[in-house]
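See below for the structure under consideration.
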Amino acid sequence: MKPFTYERAQDAQAAVKAVADNPGARFLAGGTNLLDLMKLEIETPTHLVDVGRLPFAGVEEMAGGGLKIGGAMTNSKLANHPAVRERYPVLARAILSGASGQLRNKATNAGNLLQRTRCGYFYDTAKPCNKREPGSGCAAIGAPGGYGAIFGASPACIATHTSDMAVALVALDASVETMTPDGATRAIKVEDLHRLPGETPQVETHLAAGELITAITLPPPPPGGQAYAKVRDRASYAHGLAMVAVAGNRVALGAVAAKPWRASAAETALEGGGSPDEAAQAQIATAQAEDRLTHKLTLVRRLTAATIEDARRTS
Ligand code: SF4
């Protein structure tokens with residue numbers, strides 16, 4: 001591991017300034033992704049600003065019936081919060097589908113959204129990877145396995161975003177609240193937080209350098225049922241081959257693109273009176289996948305239809 005310096009932030013504005021003023025600095029909170037990447041020397045920050053003890057770790061009721069969730073709250077605490085379990089079961093279920101109990105006890109909500117891809121070639125420093133080393137190529141294109149994107153990929157990168165929590169947040173129409181380097185705050189829909197790879201897969205979000213996610217806001221739960229489903233290679237502690245979250249009339253997919261993917265075509269089909277099967281089919285008709293990923297189209301279609309049906313049974 002490369003040498004680095006460390007400071008524990010005393011307040012959010014100082015933390016944001018410390019990272020914005022130093023191109024080699026990174027925020028550290030739970031560390032469940034960053035520390036692994038540092039050990040592999042894929043991430044080589046020269047300075048860490050620890051924001052894990054800033055006072056953004058609670059859940060507040062919002063006027064109108066929504067919730068405001070602290071960015072520094074752990075995934076375990078959020079999944080077990082009574083208001084989340086009762087009103088946003090799709091979110092609790094999604095979080096509990098991710099990682100292991102030990103990791104969820106450390107991982108924060110903001111860090112979960114900003115976790116980097118689990119593409120195996122990104123972690124294998126002997127292989128070319130445009131995300132790790134821009135311009136080096138992409139070892140994943142044409143390689144075996146079912147982890148590639150079927151929506152929004154580019155010739156530079158086909159990696160997927162594998163956060164379970166983010167998929168549920170898109171289905172729930174959640175937003176993040178941030179503090180920007182000039183001390184202002186802004187809100188960004190989770191749906192719009194991440195970028196597609198294009199020619200710059202190493203740039204993964206629309207956050208400015210040093211911009212800190214302080215909270216996640218959930219609107220009131222939508223009418224209708226909620227459901228979450230995940231398919232993975234083994235029963236626990238594995239990132240997904242495909243995930244689906246349904247909340248009322250909204251449908252989101254995971255592990256299918258570089259960002260949690262709003263299934264707009266499926267939603268449109270449902271609004272038009274289509275069945276879950278027809279909605280899933282409409283969504284898959286918009287996919288673009290390598291031939292080796294055609295099995296994933298079938299998997300996502302079936303999982304989408306089944307999860308919509310599950311949500312209807314709970315409404
Ligand atoms: Fe790297 Fe993206 Fe290719 Fe994976 S898919 S090897 S992350 S460029």
Side-chain angles (χ1 to χ4, degrees), residues 1-2 26-27 31-45 98-99 103 107 110-167 170 190-207 209 230-234 237-243 252-262 284 286-300:
M1 189 186 282
K2 302 273 189 197
R26 296 279 188 282
F27 294 121
T32 55
N33 190 205
L34 178 60
L35 295 183
D36 283 347
L37 291 166
M38 288 172 64
K39 288 177 201 167
L40 293 166
E41 297 189 1
I42 294 168
E43 292 259 14
T44 54
L103 288 169
N112 184 311
L113 290 175
L114 299 180
Q115 66 180 277
R116 303 200 70 190
T117 183
R118 305 294 160 171
C119 173
Y121 302 102
F122 175 68
Y123 289 82
D124 182 349
T125 54
K127 294 287 194 319
C129 170
N130 288 321
K131 188 184 281 293
R132 174 171 27 81
E133 192 179 337
S136 63
C138 172
I141 293 176
Y147 288 102
I150 58 173
F151 298 103
S154 77
C157 180
I158 59 166
T160 61
H161 195 268
T162 50
S163 163
D164 291 273
M165 185 179 82
V167 183
V170 168
V190 175
E191 184 181 345
D192 301 325
L193 176 63
H194 301 91
R195 298 164 58 115
L196 292 177
E199 295 181 356
T200 55
Q202 73 278 14
V203 184
E204 296 173 354
T205 72
H206 291 284
L207 297 175
K230 175 178 187 175
V231 173
R232 48 190 156 180
D233 278 335
R234 59 175 183 240
Y237 191 29
H239 51 275
L241 288 166
M243 297 91 87
L253 310 177
V256 297
K259 55 187 285 184
W261 195 258
R262 176 111 178 257
I284 289 304
T286 68
Q288 291 181 305
E290 293 178 65
D291 288 347
R292 69 181 179 91
L293 290 172
T294 49
H295 67 287
K296 188 163 181 172
L297 302 181
T298 307
L299 172 66
V300 173

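Below, each value reflects all heavy atoms present in this structure, side chains not excepted, and no hydrogens, waters or symmetry copies. Whatever order the structure lists them in is the order used to number ligands and atoms, beginning at 1.
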Which of these, N130, T117, I158, has its nearest heavy atom closest to atom 5 (S) of ligand 1?
I158

Heavy-atom side-chain contact between P260 and L253 under 4.5 Å
no

Exactly one of R232, H239, K230 should register a side-chain hydrogen bond (donor to acceptor under 3.5 Å, both in side chains) with D164. Which one does?
K230

Hey, is P201 touching ligand 1 through its side chain, its backbone, both or neither, going by heavy atoms under 4.0 Å?
neither

For Q202, is the CD atom crowded, meaning more than 12 foreign heavy atoms sit under 6.0 Å from it?
yes

Against heavy atoms of C119, which atoms of ligand 1 measure under 4.0 Å?
4 (Fe), 5 (S), 6 (S), 7 (S)

Could you find the nearest protein heavy atom to atom 3 (Fe) of ligand 1 and give me its residue, atom name and distance?
C138 SG, 2.3 Å

Against heavy atoms of A156, which atoms of ligand 1 measure under 4.0 Å?
8 (S)

For Y121, take its heavy atoms, then give the atoms of ligand 1 lying under 4.0 Å from any of them.
6 (S)

Does Q288 CD have over 12 foreign heavy atoms under 6.0 Å away?
no

Taking C-beta and beyond as the side chain, do M38 and P45 meet within less than 4.5 Å on heavy atoms?
yes

For atom 7 (S) of ligand 1, which protein heavy atom lies nearest, and how many Å away is it?
C129 SG, 3.6 Å

Can you find a pair of side-chain heavy atoms, one from D233 and one from Y147, that are under 4.5 Å apart?
yes

So, C157 and atom 2 (Fe) of ligand 1: N/O/S under 2.8 Å, yes or no?
yes

